[in-house]
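Read the structure below first, then the notes.
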There are 4 protein chains.
Amino acid sequence: MPTAKVAFAIFFGETMRAYILPAFRLTSRFRCVQCGMNYMTESDDSGADSKIYNIDSVTVSEKPIRDPESTRERILDAALSVFSHKGYHDARLDEIVAESRTSKGSIYFHFPNKERLFLALVEKFADLLERRITEAIDQHTSPMAKVEAALEACLETFGRYRRPAKVMLVHAAGLGNIFEEKRLEINERFARLIHVYLDEAVAAGEIEAGDTDVIAYAWMGSIYHLTIRWVYSGEPAPARIVRTLVPTLLHSVNYRLGPERLPSAGHSAKAKQS
Amino acid sequence: MPTAKVAFAIFFGETMRAYILPAFRLTSRFRCVQCGMNYMTESDDSGADSKIYNIDSVTVSEKPIRDPESTRERILDAALSVFSHKGYHDARLDEIVAESRTSKGSIYFHFPNKERLFLALVEKFADLLERRITEAIDQHTSPMAKVEAALEACLETFGRYRRPAKVMLVHAAGLGNIFEEKRLEINERFARLIHVYLDEAVAAGEIEAGDTDVIAYAWMGSIYHLTIRWVYSGEPAPARIVRTLVPTLLHSVNYRLGPERLPSAGHSAKAKQS
Amino acid sequence: MPTAKVAFAIFFGETMRAYILPAFRLTSRFRCVQCGMNYMTESDDSGADSKIYNIDSVTVSEKPIRDPESTRERILDAALSVFSHKGYHDARLDEIVAESRTSKGSIYFHFPNKERLFLALVEKFADLLERRITEAIDQHTSPMAKVEAALEACLETFGRYRRPAKVMLVHAAGLGNIFEEKRLEINERFARLIHVYLDEAVAAGEIEAGDTDVIAYAWMGSIYHLTIRWVYSGEPAPARIVRTLVPTLLHSVNYRLGPERLPSAGHSAKAKQS
Amino acid sequence: MPTAKVAFAIFFGETMRAYILPAFRLTSRFRCVQCGMNYMTESDDSGADSKIYNIDSVTVSEKPIRDPESTRERILDAALSVFSHKGYHDARLDEIVAESRTSKGSIYFHFPNKERLFLALVEKFADLLERRITEAIDQHTSPMAKVEAALEACLETFGRYRRPAKVMLVHAAGLGNIFEEKRLEINERFARLIHVYLDEAVAAGEIEAGDTDVIAYAWMGSIYHLTIRWVYSGEPAPARIVRTLVPTLLHSVNYRLGPERLPSAGHSAKAKQS
DNA sequence: CATGAATGAGACTTCATTCAT
DNA sequence: AATGAATGAAGTCTCATTCAT
C-alpha cells in the first residue's frame with residue numbers, strides 16, 4: 001500500500017496547509033514563513049505531476065501579490081459599482097466577483113455575508129460624510145454659521161461622491177427591516193447634528209424658537225430628495241441645488257443671510273438659469 | 001327523510017318547489033334576486049338522488065361568494081398587508097395566498113406577476129393621494145392658499161393611510177431600476193403639482209420669485225422624510241408634523257401667513273409640547 | 001327569513017339545472033323541453049335583476065346556436081392547428097380555447113383531457129389514411145399492383161393533409177410512453193398492411209422471397225421520413241417523392257415495373273429536374 | 001491515542017510526518033502524486049487538535065473525488081439514463097440529481113438549463129455516430145463499398161448504443177420547434193453523407209443515375225424506423241435488420257452485390273429464421 | 001351544454017453560502 | 001488567504017384540470 005507523498009506545504013499565519021499541486025496554477029509563488037524561503041510551484045500540462053523548487057531570488061512587487069488590504073479594497077470598489085448600478089437585491093455576488101477580479105471565497109473571507117458587505121459600504125460613506133461635516137462646522141463659531149456650513153458640506157459631499165450617495169440614499173431604503181434600522185440610525189446621526197446647532201441658534205437668539213426636531217428632519221428630507229433626484233436624472237445640477245436650497249432652508253427658520261450673501265441670494269430669477 | 005336541509009327553489013307557475021339536483025355538489029351558492037342576499041345549499045353525502053321539497057326557508061352561509069371583483073380586492077388587501085410588513089423582497093407569495101384565502105393561481109390570474117401586483121398597490125395609493133390633493137386645491141382660489149391646502153391634504157392622507165404610505169414611500173425605494181422609474185414618475189407627478197401653484201403664487205405676487213423647481217422637490221423631500229419617519233417610528237405625530245411643517249415650508253418662500261393663523265404660528269415653543 | 005326565488009329553469013337532456021341570471025349574457029335563448037316553449041333571458045346592465053319571458057316565436061338558425069357537433073369540430077380544428085404549430089407540450093389549452101372560440105369547460109366536456117384530445121386527432125387521421133389506402137388497394141387484383149397503389153395512396157394522402165400528417169408523424173413521437181404505444185400501434189396497422197400484400201406477391205411469384213417483415217418497416221420508414229422532411233422544409237415536393245420513391249421501393253424487392261411505366265422510370269436523370 | 005486513522009503525510013527533509021490539522025474536516029481528499037491514486041483522510045469527531053504521527057499507510061476510500069470532469073460525466077450519464085427511460089418532458093431534474101449523486105445546483109453549474117443538457121447528449125451521440133461511420137468509410141475505395149460500409153456502421157452503432165439511440169431518435173422528436181431544428185440538422189448531416197457517396201457511385205458507373213437526394217432520405221428513414229422499432233420492442237434483432245436491410249437498400253438502386261455475398265443474400269427465406 | 005375564475009401540485013431555476021483544496 | 005465547484009433551500013411561475021354557475 002502506497003504512502004501518500006506530500007507535494008507542497010505553506011504556512012498561513014499560524015495554520016499550516018498542505019497541497020497536492022495539480023489543482024494549482026502553473027506558476028504560483030509563496031514564501032514559507034518558517035524557513036523564510038520563497039517557493040515556486042511548477043506543473044506540466046498533463047497536470048498529474050508537480051515539483052517543488054527552492055527559489056532564492058524572486059522579484060517582489062511593491063505590494064505583494066496577495067495583499068489582504070488591496071483585496072478588500074478591490075472587493076469594496078467592485079461592490080460599490082455593482083450595488084449602485086443594480087441595487088442591493090439585483091446585485092449578484094458573481095458580478096462583484098467578476099468586477100473585483102477576486103473569487104467568491106475571497107469575498108466570504110473578508111465579509112461574513114452579502115448584507116455586511118453592503119453595510120460596510122454604507123458605513124464607509126456615512127463616516128466620510130460625518131467627517132466632512134464636522135470639519136466644516138469646526139471652522140465657524142456662530143451657531144447659524146455652523147448650520148449653514150454643515151448644509152453646504154453635506155450637499156458638496158453628496159455631489160462629489162455620487163455613486164456612494166446613491167447606494168446610501170436609494171438602495172439602502174426598502175431593503176427590509178434589517179437594513180431599515182441601519183438607515184434610520186444613520187439618518188438620526190445627521191438629523192441630530194443639525195438639531196443641536198439649530199437649538200444653539202435659538203438659544204443665541206439667531207432664529208426664532210420652533211419645533212427644531214421636526215425642522216431638522218424636514219431639512220434632511222429636502223437634501224436627500226434633491227440629491228436622489230440628481231443622482232438618477234442628473235438634474236438639477238449640484239451647484240444649482242446649493243444656490244437655492246441653502247437660502248430656502250435658512251428662510252424656513254426666518255434666518256436672514258448675512259449682508260455678504262444677500263446680493264447673490266438664491267431667490268432671484270437668475271438663479272434658475274444655471 | 002334525507003338530512004339535506006335545502007337545495008334549491010324554483011317556481012313552476014305558481015307552485016314553488018325545491019330540488020336537490022344530482023349534479024349539484026355539497027355546496028352550491030346562489031344569490032336571491034329578491035332580497036339580494038347570498039345563499040348556500042347544503043346536502044348530506046348520501047344525497048345522490050334528486051328530491052323535491054316544498055321549502056320556504058334556507059340556511060344562510062357566511063362564506064363569501066365567488067366574485068372576481070371581490071377576489072381581486074381580497075388579493076390586493078392581503079398584498080398590502082404583507083408588503084407593508086415584510087417589504088417587497090421578503091414578502092412571499094405564499095403569505096399573500098394565505099392571507100387572501102385564495103390561491104397562487106388566482107393571484108396569477110388577476111396579476112401577471114409579483115412586480116405588477118406591487119405596482120398596482122402603489123398606483124392605487126398614488127391615485128387616491130392625487131384625488132385628495134386635487135379636491136383640496138379646488139376649494140381655494142388664492143394660489144398660496146392652494147399650496148397650503150395641498151400640503152395639508154397630502155400630510156393628512158399619508159396620516160390616514162399609514163400602511164399604503166409605507167408601501168409607497170419606503171418599500172418602493174431600492175427595489176431596483178424597474179421600480180425606481182415608477183417611483184420617480186409618481187414623485188414627478190406631485191412635485192409638478194406643487195411647482196405649478198408655486199409659480200402661480202409668484203405670478204400673483206404672493207411670494208418672491210425663486211427657483212421654484214428646486215423648491216418643489218425640496219418640499220416633497222421634507223414631506224416624504226417626515227412621513228417615512230412617522231410610519232416607522234410613530235414619531236413625530238402627524239398633527240405635530242402638520243403644525244410645524246406647513247408654516248416652515250411657507251416661510252421658506254417668504255410667505256407670511258394670514259392674520260387668522262399668525263397667533264398660533266407653528267414657530268412657537270408651545271408647539272413642541274404636543 | 002327570505003325564500004330563495006328562482007330565476008330560470010333549463011333542461012339539459014335529462015338533467016335540470018336552475019340559474020340565477022345575473023351571470024348570464026344579456027340575451028340567451030332556450031327552449032324548455034318540458035313545456036316546449038322558448039324562453040329568452042333579459043337583464044339590465046346593473047346586472048342584479050333578471051326577468052323571464054315566454055317567447056313563442058324565435059328565429060331559429062338552421063344549426064342551432066349551441067350545436068354539440070359543430071362545437072366538437074371547432075375544437076378539433078383549433079387543436080389541430082395549435083398542435084401542429086407548437087407540438088404537443090408547447091400547445092396550451094388556452095390557445096386552443098382562443099382559436100376555437102369556445103371555452104375551457106367546453107373542451108373538457110367534449111374530451112376528458114388534453115391527451116385524449118390529441119389522440120382523437122391522431123386517430124382521425126389514421127382512419128382517413130387507412131380508408132384511402134384500402135380504397136386504392138381494392139381497385140387492383142395483382143398483389144404487387146396493390147402494393148404500388150397503397151404506396152401511392154399513402155404518399156398522396158400525406159401530401160394532401162400536411163398538417164394532420166405533421167401531428168401524427170412528428171409530434172406524436174417522443175411524447176412519453178403513453179403516446180408511444182398508440183403510435184406504434186398505428187404504425188403496426190400500416191406496416192402489416194404492406195406486409196400482407198408483400199407476402200401475397202411472394203406467393204404469386206411476383207417478387208423473390210425475403211424478410212418481408214423487415215422490408216415492410218423499412219418502407220414505412222422511407223415514407224415517414226420523406227414526408228416529415230417535406231412537412232418541415234417543404235422539400236422535396238410530393239410529386240417528386242412519389243416519382244422516385246415508388247420505383248425505388250419496388251426495385252428494393254426486385255420488382256420490375258410494367259412496360260407502361262418503364263419509359264418514365266424514376267431512375268433517370270430527368271426526374272431530378274422537378 | 002486518537003482513533004483517527006490517518007490525516008496527512010508530509011516530508012520534511014527526509015522525515016515523513018503525518019498531521020491532523022485542526023482546520024481539516026472529517027473528509028479531506030488527496031491524490032498521491034507517486035501512485036496516482038486518490039486518498040481520503042479520516043478523523044473522529046473528537047479530533048479537534050492537531051497531532052503528528054509517523055505513518056506509512058493510508059486507508060483508501062471508494063468515494064469519488066471532487067473533479068469537475070467526472071462530475072460532468074456523472075451528470076451526463078444520469079441524464080442519459082433518465083431521459084431514455086422517461087422521455088424529455090417526463091424526466092425530472094430531481095431524478096437526474098438523484099441518479100448522478102450530485103445536486104441541482106451542480107447540474108446548473110455545468111449546463112445552463114435542461115434543454116442544453118439534453119442537447120449535449122444528442123450531440124455527443126451524433127458525434128460518435130459520425131466518427132464510426134467515417135472510420136468505416138475510410139477503409140474502402142469503391143464508392144458503393146463505402147455506402148455499404150456506412151450502412152453497416154450506422155446500424156451497428158445504433159445496435160451497440162441502444163439507450164443513446166433511443167434518446168436521439170425517439171425523444172428528440174416531437175419536443176417542439178427548438179429541438180426539431182437540431183434533429184433536422186443532424187439528420188441532414190447523415191443524409192448528406194449518404195448522398196455524396198451515392199453520387200460518386202453514379203459517377204463511377206456502379207449504379208444507375210437517379211434522384212439520389214430523395215433516395216438518401218429514404219434510406220435514412222428506413223434505418224431510423226427499424227432502429228426505433230427495435231429500441232422499443234426489441235424486434236427485429238439488429239443482426240436480422242442488417243442482414244435484410246443492406247441488400248434491400250442496395251437493390252433499391254439496382255446495385256448487385258459481389259459474388260462473395262450473393263449466396264447468403266438477405267433475400268432468402270432462411271434469413272427470416274434468425 | 002357552456003363558461004371562465006379558481007386551484008395547487010410541481011416544474012425549473014436562482015444564488016447566497018460552504019468547503020475541500 | 002484564495003479559489004471556484006458544489007450545494008440545496010426556496011422562490012416565482014405555469015398550466016391542466018375542476019366546478020359553481
Side-chain angles (χ1 to χ4, degrees), chain A residues 10 12-13 15 17-25 28 30 65-68 71 92-94 97 102-110 112-115, chain B residues 23-25 27-31 41 65-68 71-72 89 92-94 97 102-110 112-115, chain C residues 10 12-13 15 17-25 28 30 65-68 71 92-94 97 102-110 112-115, chain D residues 23-25 27-31 41 65-68 71-72 89 92-94 97 102-110 112-115:
Chain A
I10 316 168
F12 290 122
T15 316
R17 283 269 172 100
Y19 288 92
I20 303 291
L21 285 176
F24 269 32
R25 303 286 164 71
S28 304
F30 302 101
I65 297 163
R66 296 190 171 188
D67 172 17
T71 301
R92 305 289 166 236
L93 250 330
D94 280 313
V97 166
T102 57
S103 68
K104 240 174 222 177
S106 199
I107 290 180
Y108 274 86
F109 182 86
H110 288 283
N113 52 38
K114 188 185 178 185
E115 183 183 314
Chain B
F24 270 27
R25 298 297 150 74
T27 53
S28 303
R29 286 164 299 196
F30 300 101
R31 199 154 76 93
T41 64
I65 270 219
R66 176 190 274 215
D67 169 19
T71 302
R72 207 189 128 94
H89 276 106
R92 305 285 163 238
L93 252 326
D94 280 315
V97 166
T102 56
S103 66
K104 225 172 263 184
S106 197
I107 292 181
Y108 277 87
F109 181 82
H110 288 283
N113 52 38
K114 189 184 178 186
E115 184 183 314
Chain C
I10 314 165
F12 291 122
T15 315
R17 283 267 173 100
Y19 289 92
I20 302 295
L21 283 176
F24 268 34
R25 302 289 164 70
S28 305
F30 302 100
I65 298 165
R66 295 189 174 190
D67 171 17
T71 303
R92 305 288 164 237
L93 252 328
D94 281 311
V97 166
T102 57
S103 68
K104 240 175 224 177
S106 200
I107 291 180
Y108 274 86
F109 180 85
H110 288 283
N113 52 38
K114 187 186 180 187
E115 184 183 314
Chain D
F24 270 27
R25 300 296 152 74
T27 53
S28 304
R29 286 164 297 194
F30 301 99
R31 198 155 76 90
T41 63
I65 267 216
R66 176 190 274 214
D67 169 20
T71 302
R72 207 189 129 93
H89 276 105
R92 305 288 163 235
L93 252 328
D94 279 314
V97 166
T102 56
S103 66
K104 229 174 257 188
S106 198
I107 292 180
Y108 276 87
F109 181 82
H110 288 283
N113 53 37
K114 189 185 178 186
E115 183 183 316

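So you know, we letter chains A, B, ... as the sequences are listed, proteins then strands, and number each from 1.
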Between B/Ile107 and A/Pro112, name the one whose nearest nucleotide on DNA chain E is closer to the 5' end. B/Ile107
Between D/Thr71 and F/dA6, is there a contact of a side-chain N or O with OP1 or OP2 at under 4.0 Å? yes
Set of salt bridge (Lys or Arg N to Asp or Glu O under 4.0 Å) partners for C/Lys114, sequence neighbours left out: none
5′-ward residue of the pair A/Asn113/D/Glu115 relative to DNA chain E: D/Glu115
Considering only heavy atoms and no angle criterion, is a donor-acceptor pair shorter than 3.5 Å present between the side chain of C/Lys114 and the base of F/dT17? no
Heavy-atom pair of closest approach, residues C/Val97 and C/Lys104: CG2-N, 3.6 Å
D/Tyr108 OH to E/dA11 C1', in whole Å, measures 9 Å
Using heavy atoms to find the nearest nucleotide of DNA chain F for D/Ser106 and B/Gly105 separately, return the residue whose nucleotide is more 5′. D/Ser106
Applying side chain to side chain contact (heavy atoms under 4.5 Å, CB included), name anything that partners B/Asn113, two or more places apart in sequence or on another chain. B/Tyr108, B/Glu115, B/Arg116
Can you tell me the distance, in whole Å, between the NZ atom of A/Lys104 and the P atom of F/dA6? 12 Å
Calculate the interatomic distance between C/Leu93 atom CG and E/dG4 atom C1'; express it in whole Å. 13 Å
Quick one: which of F/dG4, E/dA2, F/dA6 gets closest to the side chain of C/Ser103? E/dA2
Restricting to non-hydrogen atoms, name the atom on A/Ser106 and the atom on A/Thr71 that form the minimum distance, rounded to 0.1 Å. OG-CG2, 3.5 Å
E/dT3 C1' sits how many Å from C/His110 NE2, rounded? 12 Å
Residues forming a side-chain hydrogen bond (donor to acceptor under 3.5 Å, both in side chains) with A/Thr102, sequence neighbours excluded: A/Ser100
Taking CZ from D/Phe109 and P from E/dT17, how many angstroms apart are they, rounded to a whole number? 18 Å
Listed by chain and number, what are the side chain to side chain contact (heavy atoms under 4.5 Å, CB included) partners of A/Phe109, not counting sequence neighbours? none
Dot-bracket for DNA chain E: what is it, with Watson-Crick or G-U pairs under 3.5 Å, [ ] where a pair crosses earlier ones, and | for a pair to another strand? .||||||||||||||||||||
With a non-hydrogen cut-off below 4.0 angstrom, is A/Asp94 in contact with a base, only sugar-phosphate, or nothing? nothing
C/Arg92 CZ to E/dG4 P, straight-line distance once rounded to whole Å: 21 Å
In Å, rounded to the nearest 0.5 Å, how long is the span from CG of C/Leu93 to OG of C/Ser103? 10.5 Å
Which nucleotide, E/dT13, E/dT3, F/dA2, lies nearest any side-chain atom of C/Thr102? E/dT3
